[in-house]
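Computed over heavy atoms, backbone and side chain alike; hydrogens, waters and symmetry mates excluded. In what follows, every chain begins at residue 1, and chains take the letters A, B, ... in the order their sequences are listed.
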There are 2 protein chains.
Amino acid sequence: MARDPDPSLELLWRHVAAPAETPTRRGPRQRLSVDAVVDAGIDLADRDGLAALSMRVLAKELGLGVMSLYTYVPSRGDLIVLMVDQVLARRTLPELPEDLADRLEMVARVQYDDCLAHPWILDVVGLRAWLGPASAERYEWQLGAVEGIGLDDIEMDQTIALLTGFAGNAAGSAHRARLAEREMGMSELEWWEANSGELGRVMAGRDYPIAGRVGQAAGEAYQAASDPARELEFGLARIIDGVLVHLGRQPRRPRA
Amino acid sequence: MARDPDPSLELLWRHVAAPAETPTRRGPRQRLSVDAVVDAGIDLADRDGLAALSMRVLAKELGLGVMSLYTYVPSRGDLIVLMVDQVLARRTLPELPEDLADRLEMVARVQYDDCLAHPWILDVVGLRAWLGPASAERYEWQLGAVEGIGLDDIEMDQTIALLTGFAGNAAGSAHRARLAEREMGMSELEWWEANSGELGRVMAGRDYPIAGRVGQAAGEAYQAASDPARELEFGLARIIDGVLVHLGRQPRRPRA
DNA sequence: TAGCGACGTCGTACGGCGTACGGAATAAAT
DNA sequence: ATTTATTCCGTACGCCGTACGACGTCGCTA
(Lines give C-alpha, C1' and ligand atoms only; values in the text may rest on other atoms or scores of the structure.)
Protein backbone atom coordinates (compact mmCIF):
# COMPACT_ATOMS: atom_id res chain seq x y z
CA MET A 1 0.00 0.00 0.00
CA ALA A 2 0.85 3.71 -0.16
CA ARG A 3 3.89 3.84 -2.34
CA ASP A 4 6.30 6.74 -2.36
CA PRO A 5 4.50 9.98 -3.13
CA ASP A 6 5.28 11.81 -6.33
CA PRO A 7 8.27 14.04 -5.58
CA SER A 8 7.13 16.71 -7.99
CA LEU A 9 4.11 17.39 -5.78
CA GLU A 10 6.29 18.48 -2.91
CA LEU A 11 8.31 20.60 -5.29
CA LEU A 12 5.27 22.28 -6.74
CA TRP A 13 4.03 23.29 -3.33
CA ARG A 14 7.46 24.05 -1.94
CA HIS A 15 6.65 27.67 -1.16
CA VAL A 16 3.39 27.23 0.70
CA ALA A 17 4.31 24.28 2.91
CA ALA A 18 7.95 25.15 3.40
CA PRO A 19 8.14 25.67 7.19
CA ALA A 20 8.17 22.79 9.66
CA GLU A 21 10.23 20.84 7.20
CA THR A 22 13.49 19.21 8.20
CA PRO A 23 15.28 22.32 9.46
CA THR A 24 18.84 21.13 8.87
CA ARG A 25 20.37 19.18 6.05
CA ARG A 26 23.69 17.46 6.25
CA GLY A 27 25.87 17.83 3.20
CA PRO A 28 27.15 21.04 1.68
CA ARG A 29 24.54 23.72 1.06
CA GLN A 30 23.10 23.83 -2.42
CA ARG A 31 24.81 26.52 -4.43
CA LEU A 32 21.55 27.43 -6.14
CA SER A 33 17.85 27.11 -5.40
CA VAL A 34 15.07 25.26 -7.15
CA ASP A 35 13.63 28.62 -8.12
CA ALA A 36 16.87 29.67 -9.74
CA VAL A 37 16.90 26.51 -11.82
CA VAL A 38 13.25 26.87 -12.79
CA ASP A 39 13.70 30.54 -13.66
CA ALA A 40 16.71 29.77 -15.82
CA GLY A 41 14.65 27.12 -17.54
CA ILE A 42 11.90 29.63 -18.22
CA ASP A 43 14.37 32.14 -19.66
CA LEU A 44 15.85 29.52 -21.91
CA ALA A 45 12.49 28.28 -23.13
CA ASP A 46 11.27 31.83 -23.70
CA ARG A 47 14.33 32.57 -25.78
CA ASP A 48 14.71 29.42 -27.87
CA GLY A 49 11.66 27.25 -27.28
CA LEU A 50 11.09 24.06 -25.33
CA ALA A 51 13.05 21.91 -27.75
CA ALA A 52 16.19 23.95 -27.03
CA LEU A 53 15.82 23.40 -23.30
CA SER A 54 18.26 20.58 -22.72
CA MET A 55 19.70 19.64 -19.38
CA ARG A 56 23.20 20.20 -20.72
CA VAL A 57 22.73 23.75 -21.90
CA LEU A 58 20.69 24.60 -18.83
CA ALA A 59 23.49 23.32 -16.63
CA LYS A 60 26.05 25.34 -18.58
CA GLU A 61 23.84 28.40 -18.26
CA LEU A 62 23.87 27.95 -14.50
CA GLY A 63 27.55 27.07 -14.22
CA LEU A 64 26.69 23.64 -12.93
CA GLY A 65 27.57 20.10 -13.87
CA VAL A 66 24.83 18.39 -15.79
CA MET A 67 24.01 15.84 -13.15
CA SER A 68 23.90 18.45 -10.43
CA LEU A 69 20.64 19.61 -11.90
CA TYR A 70 19.10 16.38 -10.77
CA THR A 71 19.62 17.33 -7.15
CA TYR A 72 17.21 20.21 -7.69
CA VAL A 73 14.71 18.56 -10.01
CA PRO A 74 13.93 14.88 -10.53
CA SER A 75 13.72 15.00 -14.32
CA ARG A 76 13.32 17.28 -17.28
CA GLY A 77 9.61 16.59 -17.38
CA ASP A 78 9.16 17.63 -13.78
CA LEU A 79 11.20 20.73 -14.44
CA ILE A 80 8.80 21.74 -17.17
CA VAL A 81 5.83 21.22 -14.88
CA LEU A 82 7.49 23.47 -12.33
CA MET A 83 8.20 26.04 -15.02
CA VAL A 84 4.54 26.19 -15.99
CA ASP A 85 3.40 26.77 -12.45
CA GLN A 86 6.12 29.34 -11.91
CA VAL A 87 5.03 31.29 -14.98
CA LEU A 88 1.45 31.29 -13.77
CA ALA A 89 2.58 32.34 -10.32
CA ARG A 90 4.37 35.41 -11.65
CA ARG A 91 1.18 37.14 -12.68
CA THR A 92 -0.80 38.82 -9.94
CA LEU A 93 -4.35 38.20 -11.03
CA PRO A 94 -6.31 41.41 -11.57
CA GLU A 95 -9.61 42.01 -9.86
CA LEU A 96 -12.57 40.85 -11.91
CA PRO A 97 -14.79 43.60 -13.32
CA GLU A 98 -18.45 44.00 -12.56
CA ASP A 99 -19.82 43.35 -16.02
CA LEU A 100 -20.02 39.71 -17.02
CA ALA A 101 -18.80 40.25 -20.57
CA ASP A 102 -15.84 42.21 -19.26
CA ARG A 103 -15.05 39.37 -16.88
CA LEU A 104 -15.06 36.80 -19.68
CA GLU A 105 -12.90 39.08 -21.76
CA MET A 106 -10.39 39.48 -18.97
CA VAL A 107 -10.09 35.74 -18.45
CA ALA A 108 -9.29 35.31 -22.11
CA ARG A 109 -6.86 38.22 -22.30
CA VAL A 110 -4.87 37.08 -19.31
CA GLN A 111 -4.54 33.65 -20.85
CA TYR A 112 -3.60 35.18 -24.19
CA ASP A 113 -0.92 37.37 -22.69
CA ASP A 114 0.67 34.55 -20.71
CA CYS A 115 0.64 32.21 -23.67
CA LEU A 116 2.13 34.82 -25.95
CA ALA A 117 4.84 35.70 -23.44
CA HIS A 118 5.72 32.02 -22.95
CA PRO A 119 4.62 30.18 -26.08
CA TRP A 120 6.12 26.89 -24.95
CA ILE A 121 3.26 26.59 -22.48
CA LEU A 122 1.11 25.63 -25.42
CA ASP A 123 3.24 22.55 -26.05
CA VAL A 124 2.42 21.30 -22.62
CA VAL A 125 -1.30 21.74 -21.92
CA GLY A 126 -3.13 18.97 -20.21
CA LEU A 127 -0.10 17.61 -18.40
CA ARG A 128 -1.89 17.53 -15.06
CA ALA A 129 -0.08 20.77 -14.33
CA TRP A 130 -3.23 21.95 -12.58
CA LEU A 131 -1.94 20.27 -9.43
CA GLY A 132 0.34 23.20 -8.68
CA PRO A 133 -0.58 26.08 -6.43
CA ALA A 134 -0.56 28.75 -9.12
CA SER A 135 -2.63 26.60 -11.47
CA ALA A 136 -5.15 25.96 -8.75
CA GLU A 137 -5.34 29.63 -7.87
CA ARG A 138 -5.81 30.64 -11.47
CA TYR A 139 -8.49 28.04 -12.04
CA GLU A 140 -10.31 29.34 -8.99
CA TRP A 141 -9.98 32.89 -10.31
CA GLN A 142 -11.28 31.89 -13.72
CA LEU A 143 -14.26 30.10 -12.24
CA GLY A 144 -14.98 33.20 -10.17
CA ALA A 145 -15.62 35.00 -13.44
CA VAL A 146 -18.53 32.71 -14.26
CA GLU A 147 -19.83 32.01 -10.76
CA GLY A 148 -23.42 32.88 -10.02
CA ILE A 149 -24.47 33.76 -13.55
CA GLY A 150 -26.78 30.83 -14.07
CA LEU A 151 -24.47 28.10 -15.32
CA ASP A 152 -24.26 24.71 -13.69
CA ASP A 153 -20.90 23.43 -12.52
CA ILE A 154 -20.05 21.54 -15.66
CA GLU A 155 -21.02 24.42 -17.89
CA MET A 156 -18.80 26.68 -15.82
CA ASP A 157 -15.84 24.39 -16.42
CA GLN A 158 -16.64 24.15 -20.10
CA THR A 159 -17.01 27.87 -20.50
CA ILE A 160 -13.58 28.44 -19.00
CA ALA A 161 -12.15 25.72 -21.19
CA LEU A 162 -13.73 27.36 -24.22
CA LEU A 163 -12.33 30.79 -23.40
CA THR A 164 -8.83 29.73 -22.40
CA GLY A 165 -8.54 27.22 -25.20
CA PHE A 166 -9.43 29.84 -27.75
CA ALA A 167 -7.06 32.38 -26.18
CA GLY A 168 -4.27 29.82 -26.31
CA ASN A 169 -4.94 29.09 -29.97
CA ALA A 170 -4.95 32.78 -30.80
CA ALA A 171 -1.70 33.26 -28.93
CA GLY A 172 -0.11 30.38 -30.78
CA SER A 173 -1.23 31.86 -34.07
CA ALA A 174 0.15 35.26 -33.14
CA HIS A 175 3.39 33.67 -32.04
CA ARG A 176 3.83 31.85 -35.33
CA ALA A 177 3.11 35.05 -37.21
CA ARG A 178 5.75 36.79 -35.13
CA LEU A 179 8.27 34.05 -35.88
CA ALA A 180 7.51 34.17 -39.57
CA GLU A 181 7.96 37.92 -39.64
CA ARG A 182 11.25 37.68 -37.81
CA GLU A 183 12.61 35.26 -40.40
CA MET A 184 10.95 36.99 -43.32
CA GLY A 185 14.05 39.03 -43.98
CA MET A 186 15.96 36.03 -45.12
CA SER A 187 14.74 32.52 -45.42
CA GLU A 188 11.00 32.90 -45.77
CA LEU A 189 11.21 35.27 -48.69
CA GLU A 190 13.84 33.20 -50.39
CA TRP A 191 11.68 30.16 -49.91
CA TRP A 192 8.82 31.76 -51.77
CA GLU A 193 11.08 32.94 -54.52
CA ALA A 194 12.47 29.47 -54.99
CA ASN A 195 9.14 27.66 -54.71
CA SER A 196 6.39 29.88 -56.04
CA GLY A 197 7.03 28.68 -59.55
CA GLU A 198 7.09 25.09 -58.49
CA LEU A 199 3.94 25.59 -56.47
CA GLY A 200 2.15 27.13 -59.39
CA ARG A 201 3.27 24.38 -61.74
CA VAL A 202 2.23 21.65 -59.40
CA MET A 203 -1.16 23.15 -58.68
CA ALA A 204 -1.90 23.61 -62.34
CA GLY A 205 -5.39 22.50 -63.24
CA ARG A 206 -6.59 22.74 -59.68
CA ASP A 207 -7.95 26.01 -58.51
CA TYR A 208 -9.22 27.08 -55.15
CA PRO A 209 -11.38 30.10 -55.84
CA ILE A 210 -12.40 31.01 -52.33
CA ALA A 211 -9.16 29.97 -50.67
CA GLY A 212 -7.19 31.95 -53.22
CA ARG A 213 -9.11 35.11 -52.61
CA VAL A 214 -9.26 34.73 -48.83
CA GLY A 215 -5.67 33.63 -48.59
CA GLN A 216 -4.58 36.70 -50.47
CA ALA A 217 -6.65 39.00 -48.26
CA ALA A 218 -5.39 37.32 -45.14
CA GLY A 219 -1.82 37.42 -46.38
CA GLU A 220 -2.01 41.12 -47.06
CA ALA A 221 -3.63 41.80 -43.73
CA TYR A 222 -1.20 39.68 -41.78
CA GLN A 223 1.80 41.07 -43.53
CA ALA A 224 0.84 44.33 -41.86
CA ALA A 225 1.80 42.31 -38.79
CA SER A 226 -0.87 43.91 -36.68
CA ASP A 227 -3.70 41.57 -37.50
CA PRO A 228 -3.16 38.40 -35.51
CA ALA A 229 -4.44 40.53 -32.65
CA ARG A 230 -7.71 40.94 -34.55
CA GLU A 231 -8.11 37.17 -34.50
CA LEU A 232 -8.36 37.47 -30.73
CA GLU A 233 -10.89 40.28 -30.90
CA PHE A 234 -13.08 38.55 -33.44
CA GLY A 235 -13.27 35.13 -31.84
CA LEU A 236 -13.57 36.55 -28.37
CA ALA A 237 -16.54 38.69 -29.38
CA ARG A 238 -18.27 35.68 -30.92
CA ILE A 239 -17.71 33.49 -27.88
CA ILE A 240 -18.83 36.14 -25.43
CA ASP A 241 -21.98 36.80 -27.42
CA GLY A 242 -22.64 33.08 -27.58
CA VAL A 243 -22.38 32.74 -23.82
CA LEU A 244 -24.59 35.77 -23.24
CA VAL A 245 -27.22 34.39 -25.56
CA HIS A 246 -27.06 31.07 -23.74
CA LEU A 247 -27.84 32.92 -20.52
CA GLY A 248 -30.76 34.73 -22.12
CA ARG A 249 -28.98 38.05 -21.96
CA GLN A 250 -28.52 40.70 -24.59
CA PRO A 251 -25.38 40.22 -26.69
CA ARG A 252 -22.85 43.00 -26.81
CA ARG A 253 -23.19 43.65 -30.55
CA PRO A 254 -21.66 46.99 -31.48
CA ARG A 255 -17.96 47.19 -30.80
CA ALA A 256 -16.36 50.61 -30.10
CA MET B 1 18.90 33.39 -57.59
CA ALA B 2 16.31 30.60 -57.56
CA ARG B 3 17.78 28.02 -55.29
CA ASP B 4 16.70 24.40 -55.30
CA PRO B 5 12.98 24.07 -54.71
CA ASP B 6 11.80 22.45 -51.52
CA PRO B 7 11.66 18.70 -52.22
CA SER B 8 8.71 18.22 -49.89
CA LEU B 9 6.54 20.28 -52.21
CA GLU B 10 6.96 17.82 -55.03
CA LEU B 11 6.28 15.00 -52.63
CA LEU B 12 3.13 16.60 -51.29
CA TRP B 13 1.72 17.00 -54.76
CA ARG B 14 3.07 13.72 -56.07
CA HIS B 15 -0.36 12.34 -56.91
CA VAL B 16 -1.77 15.25 -58.88
CA ALA B 17 1.26 16.12 -60.99
CA ALA B 18 2.57 12.62 -61.42
CA PRO B 19 2.41 12.16 -65.22
CA ALA B 20 4.90 13.75 -67.59
CA GLU B 21 7.60 13.15 -65.01
CA THR B 22 10.81 11.33 -65.91
CA PRO B 23 9.24 8.11 -67.17
CA THR B 24 12.11 5.78 -66.33
CA ARG B 25 14.53 5.70 -63.45
CA ARG B 26 17.87 3.96 -63.55
CA GLY B 27 18.72 1.93 -60.50
CA PRO B 28 16.74 -0.90 -58.94
CA ARG B 29 13.05 -0.27 -58.48
CA GLN B 30 12.02 0.92 -55.03
CA ARG B 31 10.68 -1.96 -53.02
CA LEU B 32 8.05 0.25 -51.44
CA SER B 33 6.26 3.46 -52.30
CA VAL B 34 6.18 6.83 -50.62
CA ASP B 35 2.57 6.16 -49.75
CA ALA B 36 3.47 2.90 -48.03
CA VAL B 37 6.03 4.71 -45.91
CA VAL B 38 3.64 7.52 -45.07
CA ASP B 39 0.84 5.10 -44.24
CA ALA B 40 3.10 3.10 -41.98
CA GLY B 41 4.08 6.31 -40.26
CA ILE B 42 0.43 7.17 -39.73
CA ASP B 43 -0.29 3.76 -38.26
CA LEU B 44 2.64 4.05 -35.92
CA ALA B 45 1.73 7.55 -34.77
CA ASP B 46 -1.91 6.55 -34.31
CA ARG B 47 -0.87 3.64 -32.14
CA ASP B 48 1.89 5.15 -29.99
CA GLY B 49 1.99 8.89 -30.64
CA LEU B 50 4.34 11.11 -32.56
CA ALA B 51 7.15 10.75 -30.04
CA ALA B 52 7.27 7.01 -30.69
CA LEU B 53 7.62 7.55 -34.43
CA SER B 54 11.36 7.14 -34.90
CA MET B 55 13.05 6.41 -38.16
CA ARG B 56 14.52 3.24 -36.72
CA VAL B 57 11.29 1.63 -35.60
CA LEU B 58 9.52 2.78 -38.75
CA ALA B 59 12.23 1.14 -40.84
CA LYS B 60 11.95 -2.06 -38.83
CA GLU B 61 8.18 -1.98 -39.27
CA LEU B 62 8.69 -1.83 -43.02
CA GLY B 63 11.49 -4.37 -43.18
CA LEU B 64 13.89 -1.74 -44.44
CA GLY B 65 17.26 -0.46 -43.40
CA VAL B 66 17.06 2.80 -41.55
CA MET B 67 18.80 4.88 -44.17
CA SER B 68 16.68 3.45 -46.95
CA LEU B 69 13.82 5.51 -45.60
CA TYR B 70 15.66 8.58 -46.73
CA THR B 71 15.29 7.54 -50.35
CA TYR B 72 11.54 7.92 -49.92
CA VAL B 73 11.42 10.94 -47.67
CA PRO B 74 14.00 13.67 -47.13
CA SER B 75 13.67 13.85 -43.36
CA ARG B 76 11.47 12.96 -40.43
CA GLY B 77 9.94 16.43 -40.44
CA ASP B 78 8.95 16.14 -44.08
CA LEU B 79 7.51 12.71 -43.40
CA ILE B 80 5.24 14.17 -40.75
CA VAL B 81 4.07 16.87 -43.13
CA LEU B 82 3.22 14.19 -45.66
CA MET B 83 1.41 12.20 -42.99
CA VAL B 84 -0.80 15.16 -42.14
CA ASP B 85 -1.80 15.71 -45.72
CA GLN B 86 -2.39 12.01 -46.22
CA VAL B 87 -4.70 11.88 -43.23
CA LEU B 88 -6.67 14.82 -44.55
CA ALA B 89 -6.81 13.22 -47.97
CA ARG B 90 -8.38 10.04 -46.63
CA ARG B 91 -11.64 11.72 -45.75
CA THR B 92 -14.06 12.37 -48.55
CA LEU B 93 -15.57 15.69 -47.58
CA PRO B 94 -19.35 15.53 -47.17
CA GLU B 95 -21.63 17.89 -48.97
CA LEU B 96 -22.38 21.02 -46.99
CA PRO B 97 -25.96 21.34 -45.70
CA GLU B 98 -28.32 24.14 -46.59
CA ASP B 99 -28.68 25.70 -43.16
CA LEU B 100 -25.80 27.92 -42.09
CA ALA B 101 -25.66 26.66 -38.52
CA ASP B 102 -25.59 23.10 -39.78
CA ARG B 103 -22.71 23.99 -42.07
CA LEU B 104 -20.67 25.47 -39.24
CA GLU B 105 -21.41 22.44 -37.14
CA MET B 106 -20.27 20.11 -39.85
CA VAL B 107 -16.99 21.94 -40.30
CA ALA B 108 -16.30 21.58 -36.61
CA ARG B 109 -17.35 17.95 -36.38
CA VAL B 110 -15.20 16.88 -39.31
CA GLN B 111 -12.21 18.57 -37.70
CA TYR B 112 -13.05 16.98 -34.36
CA ASP B 113 -13.32 13.50 -35.82
CA ASP B 114 -10.04 13.73 -37.69
CA CYS B 115 -8.20 15.12 -34.69
CA LEU B 116 -9.60 12.45 -32.40
CA ALA B 117 -8.73 9.69 -34.84
CA HIS B 118 -5.17 11.01 -35.25
CA PRO B 119 -4.38 13.02 -32.13
CA TRP B 120 -0.78 13.61 -33.15
CA ILE B 121 -2.05 16.09 -35.70
CA LEU B 122 -2.57 18.46 -32.81
CA ASP B 123 1.16 18.44 -32.05
CA VAL B 124 1.84 19.76 -35.50
CA VAL B 125 -0.58 22.58 -36.31
CA GLY B 126 0.76 25.62 -38.04
CA LEU B 127 3.61 23.81 -39.73
CA ARG B 128 2.79 25.27 -43.14
CA ALA B 129 1.11 21.95 -43.84
CA TRP B 130 -1.57 23.89 -45.72
CA LEU B 131 0.65 23.74 -48.80
CA GLY B 132 -0.46 20.19 -49.51
CA PRO B 133 -3.30 19.29 -51.86
CA ALA B 134 -5.57 17.82 -49.21
CA SER B 135 -5.02 20.78 -46.90
CA ALA B 136 -5.83 23.18 -49.70
CA GLU B 137 -8.94 21.26 -50.64
CA ARG B 138 -10.15 21.14 -47.06
CA TYR B 139 -9.53 24.84 -46.55
CA GLU B 140 -11.52 25.56 -49.65
CA TRP B 141 -14.32 23.33 -48.38
CA GLN B 142 -14.32 25.02 -45.00
CA LEU B 143 -14.46 28.45 -46.55
CA GLY B 144 -17.37 27.30 -48.68
CA ALA B 145 -19.32 26.86 -45.47
CA VAL B 146 -19.06 30.58 -44.69
CA GLU B 147 -19.11 31.98 -48.20
CA GLY B 148 -21.83 34.47 -49.06
CA ILE B 149 -23.25 34.90 -45.61
CA GLY B 150 -22.13 38.47 -45.09
CA LEU B 151 -18.61 38.08 -43.73
CA ASP B 152 -15.64 39.80 -45.31
CA ASP B 153 -12.66 37.71 -46.36
CA ILE B 154 -10.73 38.12 -43.15
CA GLU B 155 -13.72 37.33 -41.00
CA MET B 156 -14.28 34.20 -43.04
CA ASP B 157 -10.76 33.05 -42.32
CA GLN B 158 -11.10 33.89 -38.66
CA THR B 159 -14.43 32.12 -38.33
CA ILE B 160 -12.92 28.94 -39.73
CA ALA B 161 -9.94 29.30 -37.46
CA LEU B 162 -12.25 29.73 -34.50
CA LEU B 163 -14.29 26.65 -35.35
CA THR B 164 -11.42 24.34 -36.20
CA GLY B 165 -9.27 25.55 -33.35
CA PHE B 166 -12.02 24.85 -30.89
CA ALA B 167 -12.74 21.45 -32.41
CA GLY B 168 -9.08 20.58 -32.15
CA ASN B 169 -8.95 21.59 -28.51
CA ALA B 170 -12.03 19.56 -27.75
CA ALA B 171 -10.55 16.55 -29.52
CA GLY B 172 -7.33 16.88 -27.55
CA SER B 173 -9.29 17.04 -24.35
CA ALA B 174 -11.29 13.97 -25.29
CA HIS B 175 -8.13 12.15 -26.26
CA ARG B 176 -6.49 12.88 -22.93
CA ALA B 177 -9.60 11.70 -21.12
CA ARG B 178 -9.48 8.51 -23.15
CA LEU B 179 -5.85 7.97 -22.29
CA ALA B 180 -6.47 8.61 -18.60
CA GLU B 181 -9.30 6.12 -18.59
CA ARG B 182 -7.20 3.52 -20.31
CA GLU B 183 -4.53 3.78 -17.63
CA MET B 184 -7.00 4.25 -14.81
CA GLY B 185 -6.96 0.55 -14.07
CA MET B 186 -3.45 0.65 -12.80
CA SER B 187 -1.23 3.65 -12.54
CA GLU B 188 -3.64 6.54 -12.30
CA LEU B 189 -5.58 5.09 -9.43
CA GLU B 190 -2.44 4.09 -7.59
CA TRP B 191 -1.10 7.57 -8.09
CA TRP B 192 -4.09 9.09 -6.34
CA GLU B 193 -3.89 6.58 -3.55
CA ALA B 194 -0.26 7.40 -2.98
CA ASN B 195 -0.62 11.13 -3.32
CA SER B 196 -4.03 12.19 -2.11
CA GLY B 197 -2.80 12.39 1.45
CA GLU B 198 0.26 14.34 0.44
CA LEU B 199 -1.88 16.62 -1.67
CA GLY B 200 -4.24 17.31 1.18
CA ARG B 201 -1.41 17.96 3.58
CA VAL B 202 0.34 20.31 1.25
CA MET B 203 -2.78 22.27 0.39
CA ALA B 204 -3.69 22.69 4.02
CA GLY B 205 -4.78 26.20 4.83
CA ARG B 206 -5.53 26.98 1.23
CA ASP B 207 -8.95 26.26 -0.05
CA TYR B 208 -10.44 26.67 -3.46
CA PRO B 209 -14.17 26.77 -2.88
CA ILE B 210 -15.39 27.04 -6.44
CA ALA B 211 -12.67 24.93 -7.96
CA GLY B 212 -13.26 22.23 -5.40
CA ARG B 213 -16.96 22.05 -6.12
CA VAL B 214 -16.62 22.30 -9.88
CA GLY B 215 -13.69 19.94 -10.00
CA GLN B 216 -15.71 17.35 -8.14
CA ALA B 217 -18.68 17.76 -10.43
CA ALA B 218 -16.48 17.58 -13.50
CA GLY B 219 -14.64 14.57 -12.14
CA GLU B 220 -17.86 12.69 -11.55
CA ALA B 221 -19.22 13.60 -14.94
CA TYR B 222 -16.02 12.76 -16.79
CA GLN B 223 -15.58 9.49 -14.98
CA ALA B 224 -18.75 8.48 -16.76
CA ALA B 225 -16.42 8.73 -19.74
CA SER B 226 -19.16 10.04 -21.97
CA ASP B 227 -18.83 13.70 -21.17
CA PRO B 228 -15.84 14.99 -23.08
CA ALA B 229 -18.22 14.81 -26.00
CA ARG B 230 -20.46 17.32 -24.22
CA GLU B 231 -17.57 19.75 -24.22
CA LEU B 232 -17.82 19.74 -27.98
CA GLU B 233 -21.59 20.26 -27.94
CA PHE B 234 -21.44 23.08 -25.44
CA GLY B 235 -18.67 25.13 -26.98
CA LEU B 236 -19.91 24.53 -30.49
CA ALA B 237 -23.37 25.80 -29.61
CA ARG B 238 -21.89 28.96 -28.07
CA ILE B 239 -19.68 29.67 -31.05
CA ILE B 240 -22.41 29.08 -33.59
CA ASP B 241 -24.79 31.34 -31.71
CA GLY B 242 -22.10 33.99 -31.51
CA VAL B 243 -21.54 33.88 -35.24
CA LEU B 244 -25.27 34.01 -35.95
CA VAL B 245 -25.67 37.00 -33.69
CA HIS B 246 -22.80 38.69 -35.44
CA LEU B 247 -24.65 38.27 -38.71
CA GLY B 248 -27.84 39.69 -37.24
CA ARG B 249 -29.60 36.35 -37.41
CA GLN B 250 -31.61 34.52 -34.81
CA PRO B 251 -29.49 32.22 -32.60
CA ARG B 252 -30.38 28.54 -32.46
CA ARG B 253 -31.21 28.51 -28.74
CA PRO B 254 -33.09 25.34 -27.88
CA ARG B 255 -31.13 22.19 -28.52
CA ALA B 256 -33.15 19.00 -29.08
C1' DT C 1 36.88 16.20 19.39
C1' DA C 2 36.59 12.12 16.30
C1' DG C 3 34.36 10.03 12.94
C1' DC C 4 30.19 8.35 10.81
C1' DG C 5 26.81 9.08 7.57
C1' DA C 6 23.98 11.98 4.75
C1' DC C 7 24.07 14.97 1.09
C1' DG C 8 25.77 18.05 -3.05
C1' DT C 9 28.69 17.79 -7.02
C1' DC C 10 29.86 15.84 -11.25
C1' DG C 11 32.67 12.51 -14.69
C1' DT C 12 31.57 8.60 -17.13
C1' DA C 13 28.68 5.74 -19.61
C1' DC C 14 24.47 3.66 -21.81
C1' DG C 15 20.89 3.45 -24.95
C1' DG C 16 18.18 6.26 -27.89
C1' DC C 17 17.62 9.81 -31.50
C1' DG C 18 18.16 12.11 -36.61
C1' DT C 19 20.97 11.84 -40.29
C1' DA C 20 25.71 12.61 -43.14
C1' DC C 21 28.69 9.71 -45.67
C1' DG C 22 30.32 6.26 -48.61
C1' DG C 23 30.34 1.62 -50.56
C1' DA C 24 27.99 -2.34 -52.85
C1' DA C 25 24.38 -3.89 -55.80
C1' DT C 26 21.33 -2.98 -59.62
C1' DA C 27 19.39 -1.55 -63.89
C1' DA C 28 18.88 1.73 -67.65
C1' DA C 29 21.46 4.42 -71.19
C1' DT C 30 25.32 4.66 -74.15
C1' DA D 1 30.59 -3.61 -72.39
C1' DT D 2 30.95 0.47 -70.09
C1' DT D 3 29.01 4.39 -67.89
C1' DT D 4 25.77 6.50 -64.90
C1' DA D 5 21.94 7.14 -61.93
C1' DT D 6 19.59 5.13 -58.26
C1' DT D 7 18.45 2.04 -54.29
C1' DC D 8 19.86 -0.06 -50.22
C1' DC D 9 22.19 0.08 -45.95
C1' DG D 10 26.35 -0.35 -42.37
C1' DT D 11 28.89 2.80 -39.89
C1' DA D 12 29.60 6.84 -37.44
C1' DC D 13 28.89 11.55 -35.38
C1' DG D 14 26.87 14.57 -32.29
C1' DC D 15 22.99 15.30 -29.81
C1' DC D 16 19.60 13.80 -25.99
C1' DG D 17 17.91 12.19 -20.89
C1' DT D 18 19.62 10.06 -17.12
C1' DA D 19 21.59 5.74 -14.10
C1' DC D 20 25.60 4.94 -11.44
C1' DG D 21 29.31 5.63 -8.49
C1' DA D 22 33.33 8.35 -6.76
C1' DC D 23 34.54 12.14 -4.02
C1' DG D 24 34.36 16.06 -1.13
C1' DT D 25 31.73 18.58 2.43
C1' DC D 26 29.17 19.29 6.17
C1' DG D 27 26.02 18.17 10.61
C1' DC D 28 25.22 14.98 13.87
C1' DT D 29 26.28 11.78 17.58
C1' DA D 30 29.53 9.42 20.62
Are B:Asp114 and B:Arg90 close enough, and set up right, to give a salt bridge (charged side-chain N to carboxylate O under 4.0 Å, His left out), and what steps lead you there? CA-CA 10 Å; B:Asp114 280 349; B:Arg90 283 183 185 173; over 6 Å; no

A:Met67 has its side chain closest, among C:dC10, D:dT11, C:dT9, to C:dC10

Considering every strand and a 4.0 Å limit on heavy-atom distances, what is the contact class for A:Leu58: base, sugar-phosphate, or nothing? nothing

Contact list for DNA chain D against residues 34-45 of chain B - heavy-atom distance below 4.0 Å: none

What is the separation between atom NZ on A:Lys60 and atom C1' on D:dC15, rounded to the nearest whole Å? 13 Å

Exercise: do A:Ser173 and A:Glu231 side chains pair donor with acceptor under 3.5 Å: yes

Interface polar pairs with nucleotides 23-28 of chain C, N/O, under 3.5 angstrom:
none

From OH of A:Tyr72 across to C1' of C:dC10 the rounded distance in Å is 12 Å

Testing the basics here: between B:Leu122 and B:Cys115, what is the closest heavy-atom pair and its distance to 0.1 Å? CD2-SG, 3.8 Å

Between B:Leu32 and A:Met55, whichever has its closest DNA chain D nucleotide further toward 5' is B:Leu32

At 4.0 Å (heavy atoms only), tell me whether B:Ser54 reaches a base, stays on the sugar-phosphate, or touches nothing. sugar-phosphate

Could you check how far CZ of A:Arg76 sits from P of D:dC16, rounded to whole Å? 10 Å

From C-beta outward on B:Ser68, which listed nucleotide comes closest to its side chain: D:dC8, C:dG8, D:dC16? D:dC8

What is the separation between atom CD on A:Gln30 and atom C1' on D:dG24, rounded to the nearest whole Å? 16 Å

To the closest 0.5 Å, what do you measure between OG (A:Ser75) and CD1 (A:Ile80)? 8.5 Å

Approximate separation, where rounding is to 0.5 Å, of A:Asp35 CG and A:Gln86 CD: 5.0 Å

Check the pair A:Arg138, A:Arg91 against side-chain contact (heavy atoms from CB on, under 4.5 Å), reporting the backbone distance first and the verdict last. CA-CA 10 Å; A:Arg138 175 159 303 195; A:Arg91 174 181 299 272; 3.5 Å; yes

What does B:Leu79 touch in the nucleic acid at a heavy-atom separation under 4.0 angstrom: a base, only the sugar-phosphate, or nothing? nothing

Checking B:Gln111 against B:Phe166 for the side-chain contact (heavy atoms from CB on, under 4.5 Å) test, could you report, in this order, the C-alpha distance in whole Å, the side-chain angles of both residues, the deciding distance, and whether it holds? CA-CA 9 Å; B:Gln111 188 79 2; B:Phe166 163 72; over 6 Å; no

Report yes or no: is there a donor-acceptor pair, N or O only, under 3.5 Å between the side chain of B:Arg56 and the base of C:dG16? no

Counting side-chain heavy atoms from C-beta on, which of C:dG8, C:dG18, D:dC9 comes nearest to A:Thr71? C:dG8

Protein-nucleotide distance (B:Leu62, atom CG; D:dC8, atom P), rounded to Å: 11 Å

Pairs flagged by side-chain hydrogen bond (donor to acceptor under 3.5 Å, both in side chains) wherever residues 58-74 of chain A is involved - sequence neighbours left out: A:Arg47-A:Glu61

note: B:Leu69, atom CG; D:dC9, atom C1'; distance rounded to Å ~ 11 Å

Non-hydrogen atoms of B:Leu11 and B:Pro74 that approach each other most closely: CD1-CD, 3.5 Å

Find the distance between CG (A:Leu69) and CZ (A:Arg56) and round it off to the nearest 0.5 Å. 11.0 Å

Within the 4.0 Å heavy-atom criterion, would you say A:Arg31 contacts the bases, only the backbone, or no part of the nucleic acid? sugar-phosphate

